[in-house]
Structures are given as C-alpha cells and as structure tokens.
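Not measured: the values here are computed from a predicted model. By convention here, the first residue in the shown sequence is residue 1.
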Amino acid sequence: MFRSLTVPNYRRYFWGSFVSNIGVWMQRTAQIWVVMQLSGGNGVALGVVAFLQFAPTLVFGLYAGLVGDRFSRAKILLVTQCAISAVSAVMAVLDFAGLMSLPIMYVLAAIVGIVTAFDAPIRQTFVSDLVVDPEFIGNAVGLNSAAFNSARLIGPAVAGGLMVVTATWTVFLLHVVASLGIIASLYSIGRSVPGGGRVPREKGQLREGIRYVLASRDLVGLLLIAGFISALGLNGIQVFIPLAAGELFDRGALAFGMLTSAMAIGSVIGALVSNLRSGIPKRRTVFGAAAAAGVCECVLGAMPTYELFAAMLLPTGIALMYFVVAVNTRVQISSPDWVRGRVMSLYMMVFFTGAALGSTATGGLSELLGIPLAVVTAGVSMIACALLVGAVLLAGARKRDSGESEDVTVNPDFANATEITSIISTGTKSRV
C-alpha cells in the first residue's frame, strides 16, 4: 500500500504536499464560509466562486501540459505554489481589515484559477517524474489521493474550530504558513528531478496531444466520464454540503466543517482501498465506481437529518475517490512520457470544466428544486451517464479487441511526436 514512499524524492514531496494540503482545505473552508456570509447563503454565489477557480483551465490547461512537457516541472510547481500562497496572504489582510467583498473574492478566485490551470496538470505528471518506475505510478496516485483527502479531513475541521473561536482571516494566514511545506520540498528536489524538457519546441504540438487522445476510444471515454462525475459528484457535493449545513439543517461553521470532514474520511478510505488493487484498473471498474457513486448520492439526498446526512457522506466519499484513483491511474499509464503532460492537461481540463459547469449548475439546481431533490437529481444523472458511456465503451472494446485482455499497455512504437502523427494520419489504430 505504501511502497512508493520508499522513493526518497517522492517521500519528501509527499509529506510537504500533505502539510500544504491541510492549509489548502482550511483556506477553501474559510473562503466558502466568507462567501456564504457575504451573499446571505446564496448557492449561486458559491457556484460562481467555484466557476472562477476552475474555468481558467479551459483557456490555459492544454498549454500548461505542453509547458510541463518542455520545462522543469519542479520549478513550475515552485512558482505556482508561491503564487497561491500569496493570494491567501491577500485574503488574510483584506478579511482582517474588513475590506473583503464578493467582487474582490471573485477576482481572487479567478487569480487562483489561472495559477491552478498550470499547477494541476503538471502536479499530476510530476508524480511519474518522482517515482520513475511505471509500476509505482498507480500506487503513488493512490497515496496522493489519500494524503489530499486526509488533509481534507483535518483542514475543514480545524478551520471550523478556528472560525468559531477566532476569525476567518486567521485561517487564510495559516494556509500561507502551511504552504511552506511543499515550497521547501519542491526546492530541495528541484535539481535532482528535472522533469519536462523532453519535447523540443515545434509547431503543432498542442494539436498533436489532442490527436493522441482522440486516437484512443478508451481515453475519450475516460475523459468523458471524468468530466461528468467531476461536475455532479465531486464538485456538486462541495456545493451541496455548505448549503445542507447552513440552509437545510440550520447549523453553523463547525457543523459545516464536520460534514466536509465526513466526506474526507470516506475519500481517504476509498484511496487506500484502491491501493490494495493490483494491476491496471479495468474499464468496468472505472464505470462501476462511477455508477456506485451516483447511487450513494441518490441516497444522500433522501437523508432527513444532519446525522444521517453526515453518515451517508462516508460511502459517497469512498465510491467517488475509488473512481478518481482508478480513472487517473488508467489515463496516466495509457500515456507515454513524451506526451503525458498534454494528455493529463486534457484530463484536467475536462475535469475542471465539469467542476466549473457543475458547481454553477448544482448551485442553481438547489435554488430551483430544493437541496434534497437537487442531490437526488445529480445522483440519477451520474448513474445514467456511467451506464451509457460504459456500455458503449465496453461494447466497442469487445468488438475491436475480439476478446483480448483489457489491460492497458503503452505502445512502445510511440517513441516521438513525429511517429504518432504519422501513425494517426495513415489510419493505423493504437491500442491503449
């Protein structure tokens, strides 16, 4: 389960990232609560903030992947993490001075979104730079998810308590302090793990990455379901939770933090359980986990009390995170190193597009239908999408492979950008 931690560089990055992510979840919790207070509990305002944080990936995401293929990923991440920390420092100062407003929060959210557009896809591919051995990639992805969601467990609970006894500005400030963890780790390993620099500057490299993905039905199907589950599951839940805490059950900041932590407990369990799996996750595993998450979300929407709602967040988190680790692992191992940055940037673009559209849609849906019915509607939609896309992909795979194994393999013939372009243009199909 923890074999990737035997790699020294990954171990340093893992612990630095873990500390930083605690601060990230503290900051997100405080940000959501400030927006709730400034907007009077308006779900659309929460959706707008989420949209502004994720939408820039649509503009910069694919280019960010190419930058990660060209330059040192460690140095790029060092810059992005410093920038995100600086935005939190500004939030702390404005909140302390009583100058924070919804328009300012929107601007700061947009800045974070632009930085994240570069940070997120490069962070995904950086894992493969650290562990090197392809056999460790899936394990490292699972550990990253477990660490991220362990921080998601700790951060909101700590933030909720701090907001009760102090103020939200202290939470923003502590995020700045916690960011020093990943900044220090990236600085220490930057020289020993160059990353990037594998692709010389040439014309058409962005189109090349898109063509590589479109040549694989498997990748297209994975990206499609990832975007849909991101919209209605992972990020839809992040809109529903504060609305359920504040509006549906009439609870305060601490109860909101505890709901987020309950979701995180399930996510940690899901990530660790996924690490017990051997081999590459199969197609049916990915789409089965997506459908299971939809079922859990339907049940979640029917919960009549705060306590039952919190309890149901556990299996919901397990199913969602098992899906995330499975789809992320399958996409990464399906991509050779020379194009992995662009493939993962497309993956993150789809993921964040789902987040941007889904957060806004679920916020509006909760205003239109009420919170419980909105949650159920999202769950039913997730089930339908998982069954439909999964059935089409599996049927196509059976017809194409004629009974071959579902295991993902990276075609060794894809040695460089010129060759993959030639293969696609001549109509030869790659098996991924």
With a 4.5 Å heavy-atom cut-off, do H175 and I84 have their side chains touching? yes

Quick one: does S185's side chain have a donor or acceptor within less than 3.5 Å of a partner on I182's backbone? yes

Are the side chains of W25 and V158 in contact, using a 4.5 Å heavy-atom criterion? no

Start with the C-alpha distance between Y187 and Q81, add both sets of side-chain angles, then the distance that settles side-chain contact (heavy atoms from CB on, under 4.5 Å), and finish with yes or no. CA-CA 11 Å; Y187 181 79; Q81 289 300 311; over 6 Å; no

Closest approach of V375 to E297 (non-hydrogen atoms, all atoms of both residues): CG1-O, 3.3 Å

Using only atom types and a distance under 3.5 Å, with no angle test, would you say the side chain of S39 pairs donor to acceptor with the backbone of V35? yes

Separation of M26 CE from L173 CG (nearest 0.5 Å): 9.5 Å

State, yes or no, whether a side-chain contact exists between F309 and L313 at a heavy-atom distance under 4.5 Å. yes

Is L346 close to V350 at the side-chain level, that is, under 4.5 Å between some pair of heavy atoms? no

Side-chain heavy atoms of M312 within contact of L308, under 4.5 Å: no

Find out whether V273 and I318 are in side-chain contact, i.e. whether some heavy atom of one side chain is under 4.5 Å from a heavy atom of the other. no

Starting from the C-alpha separation in whole Å, work towards a yes-or-no answer on side-chain contact (heavy atoms from CB on, under 4.5 Å) for L130 and R73. CA-CA 11 Å; L130 294 172; R73 292 168 185 151; over 6 Å; no

Quick one: which of L365, L368, T362 gives a side chain to side chain contact (heavy atoms under 4.5 Å, CB included) with T377? L365

Could you give the distance from CG (L5) to CH2 (W15), rounded to the nearest 0.5 Å? 7.0 Å

Residue pairs passing the ring pair (Phe, Tyr, Trp, His ring centres under 6.0 Å) test with at least one member in residues 151-174, sequence neighbours excluded, are F96-W169

For a side-chain contact (heavy atoms from CB on, under 4.5 Å) check, start with the C-alpha distance between V112 and Q31, then their side-chain angles and the critical distance, and finish with the verdict. CA-CA 12 Å; V112 171; Q31 182 184 34; over 6 Å; no

Donor-acceptor contact below 3.5 Å, side chain S85 vs main chain C82: no

Using the side chain to side chain contact (heavy atoms under 4.5 Å, CB included) definition, which of the options N328, V286, V213 pairs with L222? V286

Steps toward side-chain contact (heavy atoms from CB on, under 4.5 Å) verdict (I122, T80): CA-CA 10 Å; I122 295 174; T80 58; over 6 Å; no

With the side chain counted from C-beta on, respond yes when R330 and V327 share a heavy-atom pair under 4.5 Å apart, and no when they do not. no

For the backbone of S17 and the side chain of N21, can you confirm whether one donor and one acceptor N or O come within less than 3.5 Å of each other? yes

Kindly give the heavy-atom pair with the smallest separation between A291 and A386, and that separation in Å. N-CB, 3.7 Å

What class does the angle between the rings of Y13 and Y10 fall in, given that below 30° is parallel, 30 to 60° is tilted and above 60° is perpendicular? tilted

On a heavy-atom basis, the closest approach of A244 and I371 is N-CD1, 4.1 Å

I need the minimum non-hydrogen distance between P304 and F249, along with the two atoms involved. O-CE2, 3.7 Å

Looking only at heavy atoms, the pair that brings R123 and L77 closest together is N-CD2, 3.8 Å

Please say whether more than 12 non-hydrogen atoms of neighbouring residues, nucleotides or ligands are located less than 6.0 Å from CE in M105. yes

Which distance, rounded to the nearest 0.5 Å, do you find between the CG of L300 and the CD1 of I241? 8.0 Å

How long is the straight-line distance from CG of L102 back to CG of L38, given to the nearest 0.5 Å? 5.0 Å

Is the shortest side-chain heavy-atom distance between I32 and F256 below 4.5 Å? yes

Of all heavy-atom pairs linking A302 and V376, the shortest is N-CG2, 4.3 Å

Separation between CG (L174) and CD (Q27), nearest 0.5 Å, reads 12.0 Å

Approximate separation, where rounding is to 0.5 Å, of F126 CZ and L186 CG: 5.5 Å

